[in-house]
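What follows is one structure encoded as structure tokens, with my remarks underneath.
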There are 2 protein chains.
Amino acid sequence: MRRNTWQREAVREALGGTEGFVSAQTLHAGLREAGSEVGLATVYRALADLADAGEADSLQSDGENLYRACTPGSHHHHLICRHCGATVEITADAVETWARDVAAEHGFTAPQHVVDVFGYCAACSRELA
Amino acid sequence: MRRNTWQREAVREALGGTEGFVSAQTLHAGLREAGSEVGLATVYRALADLADAGEADSLQSDGENLYRACTPGSHHHHLICRHCGATVEITADAVETWARDVAAEHGFTAPQHVVDVFGYCAACSRELA
DNA sequence: CTGAGATTGACAATCGTTCTCAATAACGCC
DNA sequence: GGCGTTATTGAGAACGATTGTCAATCTCAG
């Protein structure tokens with residue numbers, strides 16, 4: 001049975017109100033700072049649930065999992081700034097079909113793919129020049 | 001100054017003689033079993049060096065870094081079996097240019113990309129049916 | 001309202017990885 | 001071949017992210 005608790009809701013909202021990807025730790029710190037006495041373990045569980053339910057994207061970078069709210073059901077990829085963490089959602093049917101084709105070509109089934117592009121966004125490019 | 005030690009060579013060979021991706025831990029265990037008294041820390045360092053020098057590919061999955069030998073200088077992606085770990089190297093100029101274009105389109109510079117396709121290989125598909 | 005059982009949270013435990021630092025070994029030089 | 005400099009090693013400690021534990025708590029169907 002799935003129960004709705006204010007903690008889970010708090011995590012969902014905190015995630016929704018965040019630009020770019022956040023780590024579970026960061027999100028937890030933010031919640032505490034905002035006055036929510038949420039346990040760290042709970043944040044991890046809530047995030048895993050959200051990602052599982054398709055309500056959040058997750059990617060791993062640098063040894064930690066990063067999460068980001070996303071519209072349920074839509075499949076897309078990301079363009080992520082290495083410096084400031086800003087993200088742009090990108091969709092690319094060409095890549096989708098390519099992944100499916102290349103998998104099929106080698107006899108692979110149930111293909112899933114990880115496609116993310118990292119770089120420096122326009123602002124950070126200037127700053128770092 | 002870069003020194004050549006038998007340990008680094010052992011890691012390079014162990015990696016070269018392995019099919020698919022391996023974790024640092026697994027590789028270390030294999031070396032010990034083969035009689036090489038190599039330290040775990042050294043394996044980590046050697047792998048990081050190899051990846052840095054472009055002699056190995058690395059990807060992170062499930063919270064750990066996986067490595068695989070690859071021909072220096074060539075850029076390619078992977079088709080990885082979720083079950084048996086077999087990998088197929090794939091090159092896709094279409095994806096390369098797409099990544100570069102989409103990055104440029106949004107003002108991003110110094111684009112790097114992560115493109116990997118997971119699935120079940122032909123053999124495992126049959127086995128799991 | 002009430003009881004069953006899902007959920008929470010403080011803390012310990014785990015796991016991969018990196019750090020520390022004394023001991024060792026590689027390599028340029030004579 | 002010796003020698004000294006100095007990168008490299010390795011055992012174990014330290015570390016950080018994550019997951020497990022388990023009693024207390026809260027949700028929700030009835």
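So that the names make sense, note that chain A is the first sequence line, chain B the second, and so on, each numbered from 1.
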#### Entry: B/Arg8 CZ - C/dA26 P separation (whole Å)
12 Å
Below 3.5 Å is the cut-off: list the nitrogen or oxygen pairs between protein and nucleotides 10-12 of chain D, distance only.
| unit_1 | atom_1 | unit_2 | atom_2 | d |
| --- | --- | --- | --- | --- |
| D/dG10 | OP1 | B/Gln7 | NE2 | 3.2 |
| D/dG10 | OP1 | B/Glu37 | O | 3.1 |
| D/dG10 | OP2 | B/Gly39 | N | 3.1 |
| D/dG10 | OP2 | B/Thr42 | OG1 | 2.6 |
| D/dG10 | N7 | B/Arg45 | NH2 | 2.6 |

### Query
Should the pair B/His113 and B/His77 be assigned to parallel (<30°), tilted (30 to 60°) or perpendicular (>60°) ring geometry?
tilted
### Task
With the side chain of A/Arg3 defined as its heavy atoms from C-beta on, choose the nearest nucleotide among D/dT9, C/dC27, D/dT27.
D/dT27
### Task
Take the protein atom CG of A/Leu47 and the nucleotide atom P of C/dT8, then report the distance between them rounded to whole Å.
12 Å
### Task
Remember a base hit wins even if backbone is also touched, and classify A/Glu64 as base, sugar-phosphate or nothing at under 4.0 Å, heavy atoms.
sugar-phosphate
### Query
Is there a side-chain contact between A/Phe108 and B/Val117 (heavy atoms, below 4.5 Å)?
no
### Message
Between A/Tyr44 and D/dT19, is there a contact of a side-chain N or O with OP1 or OP2 at under 4.0 Å?
### Response
no
### Message
Has A/Thr26 got a side-chain atom pairing as donor or acceptor with A/Val22's backbone, closer than 3.5 angstrom?
### Response
no
#### Entry: Whole-Å gap separating C1' (C/dA10) and NE2 (A/His28)
11 Å
### Message
Looking at A/Ser23, I'd like to know whether one of its side-chain N or O atoms comes within less than 4.0 Å of OP1 or OP2 on D/dA17.
### Response
no
### Euclidean distance, atom CG of residue B/Leu66 to atom C1' of C/dT17 [Å, nearest integer]
14 Å
### Message
Donor-acceptor check, side chain of A/Arg32 to backbone of A/Glu37, threshold 3.5 angstrom: yes or no?
### Response
no
### Separation of atom CD in B/Glu9 from atom P in D/dT9, rounded to whole Å
12 Å
### Query
Can you find a pair of side-chain heavy atoms, one from A/Ile90 and one from B/Glu105, that are under 4.5 Å apart?
no
### Residue pairs fulfilling side chain to side chain donor-acceptor pair (under 3.5 Å) with at least one residue in residues 6-15 of chain B, sequence neighbours excluded
B/Arg8-B/Asp49, B/Glu9-B/Arg12, B/Arg12-B/Glu55
### Query
Could you state the CE-C1' distance from B/Met1 to C/dA25, rounded to the nearest angstrom?
13 Å
### Task
Answer yes or no: does a side-chain N or O of A/Asn65 lie under 4.0 Å from OP1 or OP2 of D/dT18?
yes
### Message
Is the distance from the ring center of A/Phe21 to that of A/His78 below 6.0 Å?
### Response
yes
